[in-house]
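Accompanying notes for the structure given below.
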Protein chains: 2
Amino acid sequence: MATTVIVGGVAGGMSTAARLRRRDEQMEIIVLEASGHVSFANCGLPYHVSGVIPERQSLLLQTPESLRARFNLDVRVNTRATAIDRAANTVTTDTGETIAYDHLVLSPGATPVIPPIPGIERALHLRTVEDVDAIKAALTPEVKSIAIIGGGFIGLEMAENLRHRDLEVTVIERAPQIMAPLDEEMAAIVEKHLAGHGVQILTGAGTKTIAGDALELADGRTVPADLVIASIGVRPASELAAEAGLEVGERGGIKVDDQQRTSDPAIFALGDAAEKADAVSGEDTLVPLAQTANRHGRLVADIITGRDVRRTTTLGTAIVGLFGMAAASVGWNERRARAAGKNIRAIHVHPADHAGYYPGAETLHLKLVVDADTNAILGAQGVGMAGVDKRIDVIATAMRGGLNATDLADLELAYAPQFGSAKDPVNFLGYVNDNMVAGERTVQWHELEEMVADGWMLVDVRTPGEFAKSTIPGAVNIPVDEMRERVEELRDSRALVFCRVGLRGHVAVTLLENHGVEAANLDGGFMTWEYAPHDQG
Amino acid sequence: MATTVIVGGVAGGMSTAARLRRRDEQMEIIVLEASGHVSFANCGLPYHVSGVIPERQSLLLQTPESLRARFNLDVRVNTRATAIDRAANTVTTDTGETIAYDHLVLSPGATPVIPPIPGIERALHLRTVEDVDAIKAALTPEVKSIAIIGGGFIGLEMAENLRHRDLEVTVIERAPQIMAPLDEEMAAIVEKHLAGHGVQILTGAGTKTIAGDALELADGRTVPADLVIASIGVRPASELAAEAGLEVGERGGIKVDDQQRTSDPAIFALGDAAEKADAVSGEDTLVPLAQTANRHGRLVADIITGRDVRRTTTLGTAIVGLFGMAAASVGWNERRARAAGKNIRAIHVHPADHAGYYPGAETLHLKLVVDADTNAILGAQGVGMAGVDKRIDVIATAMRGGLNATDLADLELAYAPQFGSAKDPVNFLGYVNDNMVAGERTVQWHELEEMVADGWMLVDVRTPGEFAKSTIPGAVNIPVDEMRERVEELRDSRALVFCRVGLRGHVAVTLLENHGVEAANLDGGFMTWEYAPHDQG
């Protein structure tokens, strides 16, 4: 009888185990889990801190007992695998056992990064059910202020949930922006929203020391911190693999082939501990997401039981909900694409999530990053109060299906006024891209200043009322509906046109170009420009 | 100077006109609209009847004046094109004009089908702003009961909005089910929901006469009807084209090529009046949807202005919102696929729209129709209180991208507990399909009776508590978690297994098959079976 030993009993490990049993009733399947719980809802942990998820029990999806009953699994919690003897095909544990395996599956997950900050040992983390218990226990009535080090997904989810408990919350992020998967002008929308809900965000802020009930920052400021939560990020838990001589990549992930096999063919790895293949570049990458772990768990079980299947590459689709706002991304952002030397088109649109004439429509901020040489979709980002998840999922699916950026214009998405628009926001991205392919010039918010310096005239084509309220410094106002009769005013200019979101600007640019005036449209309009970070207000 | 005349100024016609102007500043563009309004929000009309959309004004997205100012369009409302002289390249109107064209674009839309029922002249319709005005005017305080003939999208939207006005509403549908794009067991979920909101639904019900304040049905029943609304469907408004000798298809749609050209190369047609190419079969079809009209309007403008672009085929993605529930479909349903002689797989799943451990999760009913010979996705349907639009849009995008049914398992969809699950409902469809490809047998609700008659043993693998509450008549109860030790009880049987939604059934079937017992799983479980129509309760 064959034995498979699985190290790690949360998303990937438990998917492997359950699928193995469904495909092989005879196999001995042993799961070793270092924490006290298996198959828990790790993505739900922050919400139990606030009580949004009131019952701790509802985070515990399975127990060793329930898994024994249903799948005849031998699940051992509080059991850490400490060494692999590849010659003997055995694993030893901190409970003193040595277990022989035919196949070994490594799915130990990731461990929180601990930065070398004096006092960091005071900081709590959030990774396991035990971590939640510790944070809840630490939130005594005396605790008023919390400092969260790290403005990533989990740090921000913690910020929301601690605000629900009426605590003073400061997020300290070393980078110039929170939420690294987003570009800065998209992250800025989230920052503003968080600030509106009382979360203080400090970006570009290094933590120097943690002492007493405060953090001292590198720039000398102090942050009140009765409690400190460190959420800097995670690194693959690949020590066990490395010590066993398995190949480990530059970023610390266990190297695997497209069947999740490590450099030892009897050993598989998956989940946060293993490398993935990036969908855009094909290169090795780390993507610590539960859904990828689940899919790869199923794959590994199929392969162990004799099915010749291969993994797909990884898009890294991710989303976070923050005080009712969603922020999501898929693929590459502009920063990453530019760093990789790609010739790109960036497209920002701000349509309503559903038909504006139907009550409750919310502005949806979408950004598409396109390879200008191939028209391939490199990635997308979305921020807004409704409909973000749908559009990012649609674009993720389009990317998987090999559709290009113009194809988005022709997607047939379900339309009734509660759910979308006859021209869906995703179609809009495709339309803008198609216009650019056909030669229309757009300008990014960060290119504006240089173009103005170069002599382009800034033309605000919104109404006089909109112009009077607020505009980009230096702009003149020629409303789009007057442009046809006033085109001669721009006869000898190069016109850098903008409106609120880019649509009227597009109309104005086509009109000007048709009249022989060189023109370009500010992509995303005043709205993208206004959200984006500027040196001067 | 070239002139383009456009017949019809709503979705398709107005998209053509605006795009033409953006691409050609010199062209004369004349739009003839038979009703008093252009560019109105036709999909919003039912919601103004109830006051959900309170302002009539908000339905009127543009006026002839606003379109003149922005796009220099010559828009003539209350002007019906009455004849085309193709030899002279002119259109005449009911206002007595004869207008010469270089290109003519026909986008007149569709007209309501009027069944030959005595008294039908009393019935109101809903197609234009004037129709809404007429319905609102007819809703005097004396009107208490409304009969709606036709259980399609618009009829049901009207039913909801009239219920919001506390009227007694009966929907009379001649077919055995409402909502033809759905299969009957999916439509049944919607029927139950509507009934729960006080809409009386009569299916298989022909209307014999409309007289006094009641309808008499073919079976002798009478339906109170202070007001009658006929919403049987629409037919293409192709008379003008037909009279001009343009080719018209069997179903009355104007024939066009893949550039929307009619049989006269100077004349284009699009929108509800024109045929489309079905995405599944490639055959000519009618799809009266605003989004398709908009896309084809843009396409026609590009072609007229010299761009060599082609339409894509049409999936017919559609959705309706009814008392908070969404019902949506894309591509073909099972009925249509079977009628076309396809060898199909049908897959029903009922997962939560987002992680069950996060508050507010709602059951999502999804159905996938797969070509069993090619693994191609033929279509999908979704019904539920949340997340339906997203999943149908994802599947529509997958179909457009040429992904097959198993590929759905690997889609990377954004997951946080508010938005989805680590295994998204769409992934689930892919998993079930993959299991079937690998040989697992499932049984449709309508096949169950015959299999039981053929000697299959019905095995309810839910808990004794679930079994005691309600089960399928004749079933024995062997909970999945006891199956391993009780497998011998089924040794000489063929086991037709079911659970609540199909998941535990899948586990039980794999277990039984691994133990050498022939087994099949009831697709969609007890839930699909219970919703589906049965002769006996």
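Hydrogens, waters and symmetry mates play no part in the numbers below; they use all other heavy atoms, side chains included. All of these numbers come straight from a predicted model, not from anything done at the bench. Below, chains carry the letters A, B, ... as their sequence lines are ordered, and counting in each starts from 1.
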Starting from the C-alpha separation in whole Å, work towards a yes-or-no answer on side chain to side chain donor-acceptor pair (under 3.5 Å) for A:Tyr357 and B:Glu55.
CA-CA 9 Å; A:Tyr357 62 79; B:Glu55 298 299 329; over 6 Å; no
Quick one: what part of [X] sits under 4.5 Å from any heavy atom of chain A, side chain, backbone, both or neither?
{"X": "B:Ser329", "answer": "neither"}
{"X": "B:Phe153", "answer": "neither"}
{"X": "B:Arg21", "answer": "both"}
{"X": "B:Val394", "answer": "both"}
{"X": "B:Ala318", "answer": "backbone"}
{"X": "B:Thr406", "answer": "neither"}
{"X": "B:Asn72", "answer": "both"}
{"X": "B:His515", "answer": "side chain"}
{"X": "B:Ala18", "answer": "neither"}
{"X": "B:Arg484", "answer": "side chain"}

List for me each residue that meets ring pair (Phe, Tyr, Trp, His ring centres under 6.0 Å) alongside A:Phe323, sequence neighbours excluded, and say none if there are none.
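Ring pair (Phe, Tyr, Trp, His ring centres under 6.0 Å) list for A:Phe323, sorted by chain: A:His164, A:His197.
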Please rank [options] by heavy-atom pairs under 4.5 Å with chain B and give me the top one.
{"options": "A:Glu513, A:Arg391, A:Arg504", "value": "A:Arg504"}
{"options": "A:Ala422, A:Ser15, A:Pro479, A:Gly44", "value": "A:Ala422"}
{"options": "A:Ala290, A:Pro417, A:Cys43, A:Ser66", "value": "A:Cys43"}
{"options": "A:Gly420, A:Gly321, A:Ala396", "value": "A:Gly321"}
{"options": "A:Ile392, A:Asp424, A:Val480, A:Val507", "value": "A:Val507"}
{"options": "A:Thr314, A:Leu289, A:Val330, A:Leu59", "value": "A:Thr314"}

Part of A:Leu403 within contact of chain B (heavy atom distance under 4.5 Å):
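Side chain only.
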Is A:Ala508 in contact with chain B via its backbone, its side chain, both, or neither, using a 4.5 Å heavy-atom distance?
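Neither; nothing under 4.5 Å.
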Among the listed options [options], the residue most often paired with chain A at heavy-atom distances under 4.5 Å:
{"options": "B:Ala69, B:Ala416, B:Ser58", "answer": "B:Ala69"}
{"options": "B:Glu157, B:Glu482, B:Arg68, B:Arg307", "answer": "B:Arg307"}
{"options": "B:Glu485, B:His506, B:Gln26", "answer": "B:His506"}
{"options": "B:Leu408, B:Ile395, B:Ile319, B:Val320", "answer": "B:Ile319"}

B:Val426 vs A:Thr397 side-chain heavy atoms within contact, under 4.5 Å
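Sidechains of A:Thr397 and B:Val426: no contact.
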Under 4.5 Å between any side-chain heavy atoms of B:Tyr358 and A:Ile53, yes or no?
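Yes, at least one pair of side-chain atoms sits under 4.5 Å.
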According to the salt bridge (Lys or Arg N to Asp or Glu O under 4.0 Å) rule, which pairs have a member within residues 392-404 of chain B, sequence neighbours left out?
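Qualifying pairs: A:Lys390-B:Asp393, A:Glu412-B:Arg400.
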B:Gln291 side-chain N/O to A:Leu413 backbone N/O, donor-acceptor pair under 3.5 Å:
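Confirmed, B:Gln291 side chain pairs with A:Leu413 backbone.
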Pairwise distance OG1(A:Thr510) to CZ(B:Arg19) - rounded to 0.5 angstrom
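Reported to 0.5 Å precision, the distance equals 9.0 Å.
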Can B:Arg295 and A:Tyr431 be said to form a side chain to side chain contact (heavy atoms under 4.5 Å, CB included), step by step?
CA-CA 10 Å; B:Arg295 286 207 316 282; A:Tyr431 288 137; 3.6 Å; yes
Applying side-chain hydrogen bond (donor to acceptor under 3.5 Å, both in side chains) between A:Arg298 and each of B:Asp434, B:Asp410, B:Asn427, report the one that passes.
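Checked B:Asp434, B:Asp410, B:Asn427 against A:Arg298; only one passes side-chain hydrogen bond (donor to acceptor under 3.5 Å, both in side chains): B:Asp434.
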